[in-house]
Amino acid sequence: MNPPPRRAPRHGPAPVDSLASLVGATPLVRLRRIGADLPGVRIYAKCEFANPGGSVKDRPALRMIEAALLDGRLGRGRTLVDSTSGNTGVAYAWICAALGIPCALVMPSNVSAARKRIAQAFGAELVFSDPLEGSDGAIRKVRALVDAEPDRWFYPDQYGNEENPRAHEQGTAVEIAEALDGAVAAFAAGIGTGGTVMGTSRGLRRLAPGVRCFAVEPAEPLHGLEGLKHMASSIVPAIYREQELDGKLEMPTAEGWAMAERLGREEGLQVGHSSGAAVAGALALARRMAEAGERGNVVTVLPDRADRYFEPRRWDRRTSW
Ligand code: PMP
């Protein structure tokens with residue numbers, strides 16, 4: 001008698017029906033050199049660049065789209081439209097392409113040619129706003145479009161949509177807490193819309209009792225930490241509730257840039273400047289803990305990779321902010 005057929009052991013992930021189902025479950029990597037001099041404290045970085053669209057914004061974009069498909073705000077030929085300075089636009093563009101949804105993106109006309117080409121490569125329509133008004137100008141422009149023709153568009157409004165932080169509360173935070181068995185002493189993440197820091201902090205407070213949560217904010221109103229917002233000089237996002245956090249860490253542009261370079265050279269993590277700022281914030285928390293004789297894990301989030309910024313603003317040109 002023949003032995004029963006043996007199934008080959010699986011050496012990789014199972015096949016999936018849509019790229020959209022590969023959002024999340026990103027690696028959590030311990031930093032081995034940065035903070036190595038701090039006894040009893042470990043820094044871990046959540047590698048959000050490993051999402052299919054290359055950034056942390058895949059999570060909220062997918063969640064906002066799925067919620068709108070479920071309750072009927074999207075579908076029936078409606079076009080998704082939102083303002084974005086980059087990563088959210090890429091996320092909307094590829095997820096809409098994957099799910100067969102028309103997509104239009106409003107962005108300041110001075111965003112890099114590479115950014116425009118990425119969105120267009122996924123078939124998104126681009127609408128430009130005044131470059132001098134920055135991301136707030138793009139928000140005003142998208143609101144005017146939607147007010148003029150409300151039935152034509154679905155406007156997820158990542159700055160006011162609670163599905164944005166919820167994607168992190170039910171995704172990012174759960175993954176971090178599981179990976180570290182609930183042992184998270186402190187968490188720090190940059191503020192753009194505030195989705196990452198608010199949602200992950202909410203989830204961690206449930207799953208890692210005693211955790212202290214901090215937002216990393218650019219120290220200057222005119223800064224070079226793309227993706228992050230200086231709250232005092234910006235429209236404050238409705239989803240951002242500073243009173244829920246334990247504090248803010250002010251990060252000078254130069255420090256964020258220097259840490260992004262260290263991450264490449266010392267950890268093999270070639271990440272964007274907001275990641276540099278986030279890790280510099282995490283390191284400051286780790287130092288405070290070590291000085292107070294506390295032990296534990298400090299967790300932060302790496303939103304995207306450096307290559308998104310290589311052209312045309314040269315990575316090594318430090319005078320561009
Ligand atoms: N870093 C980068 C590079 C980003 O694109 C964003 C999103 N604007 C953030 C950080 C901040 O993320 P959030 O919107 O969740 O606050």
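Remember, it's 1-based here, ligands and their atoms both numbered in the order they're listed. Sequential numbering from 1 along the given sequence is applied to the chain's residues. Only a predicted model underlies this, so the values are computations on that prediction, with no experimental measurement involved.
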For ligand 1, which atoms, with element, lie under 4.0 Å from some heavy atom of Asp304?
3 (C)
Short question: side chain of Arg76, backbone of Gly72 - any donor-acceptor pair under 3.5 Å?
yes
Backbone of Asp58 reached by a side-chain donor or acceptor of Asn51 within 3.5 Å:
no
Nearest non-hydrogen contact with atom 14 (O) of ligand 1 belongs to which option: Thr193, Val56, Thr172?
Thr193
Looking at ligand 1, does Tyr309 have a heavy atom less than 4.0 Å from it?
yes
Would you please determine whether Ser55 falls within less than 4.0 Å of ligand 1 on a heavy-atom basis?
no
Strictly by side chain to side chain donor-acceptor pair (under 3.5 Å), give each pair with a member in residues 282-295 just once, sequence neighbours left out.
Arg212-Glu294
Cationic tip of Lys116 within the cone over Phe128's six-membered ring, i.e. under 6.0 Å and within 45° of the normal?
yes
Run the salt-bridge test on Glu169 and Arg63 with the 4.0 Å N-O cut-off and return the result as yes or no.
no
So with a 6.0 Å cut-off around CZ of Arg32, is the heavy-atom count from everything else above 12?
no
Please state which option from Gly227, Ala278, Ser275 has its nearest heavy atom closest to atom 9 (C) of ligand 1.
Gly227
For ligand 1, which atoms, with element, lie under 4.0 Å from some heavy atom of Asn87?
2 (C), 3 (C), 4 (C), 5 (O)
Numbered in order shown, the ligand 1 atoms found under 4.0 Å of a heavy atom of Pro303 are 1 (N), 2 (C), 10 (C)
Applying the side chain to side chain donor-acceptor pair (under 3.5 Å) test to Asp82, which of Tyr92, Tyr155, Trp153 qualifies?
Tyr92
Could you check whether Gln158 and Thr193, counting side-chain N and O atoms only, form a donor-acceptor pair closer than 3.5 Å?
no
N/O to N/O below 3.5 Å, does that happen between Gly194 and ligand 1?
yes
Leu228 heavy atoms, cut-off 4.0 Å: which ligand 1 atoms fall inside?
10 (C)
Flag Ser274 as yes when one of its N or O atoms lies below 3.5 Å from any N or O atom of ligand 1, and as no otherwise.
yes
Element-labelled atoms of ligand 1 that are located less than 4.0 Å from some non-hydrogen atom of Gly192
11 (C), 13 (P), 14 (O), 16 (O)
Using a 4.0 Å heavy-atom cut-off, which part of Glu226 comes near ligand 1: side chain, backbone, both, or neither?
backbone
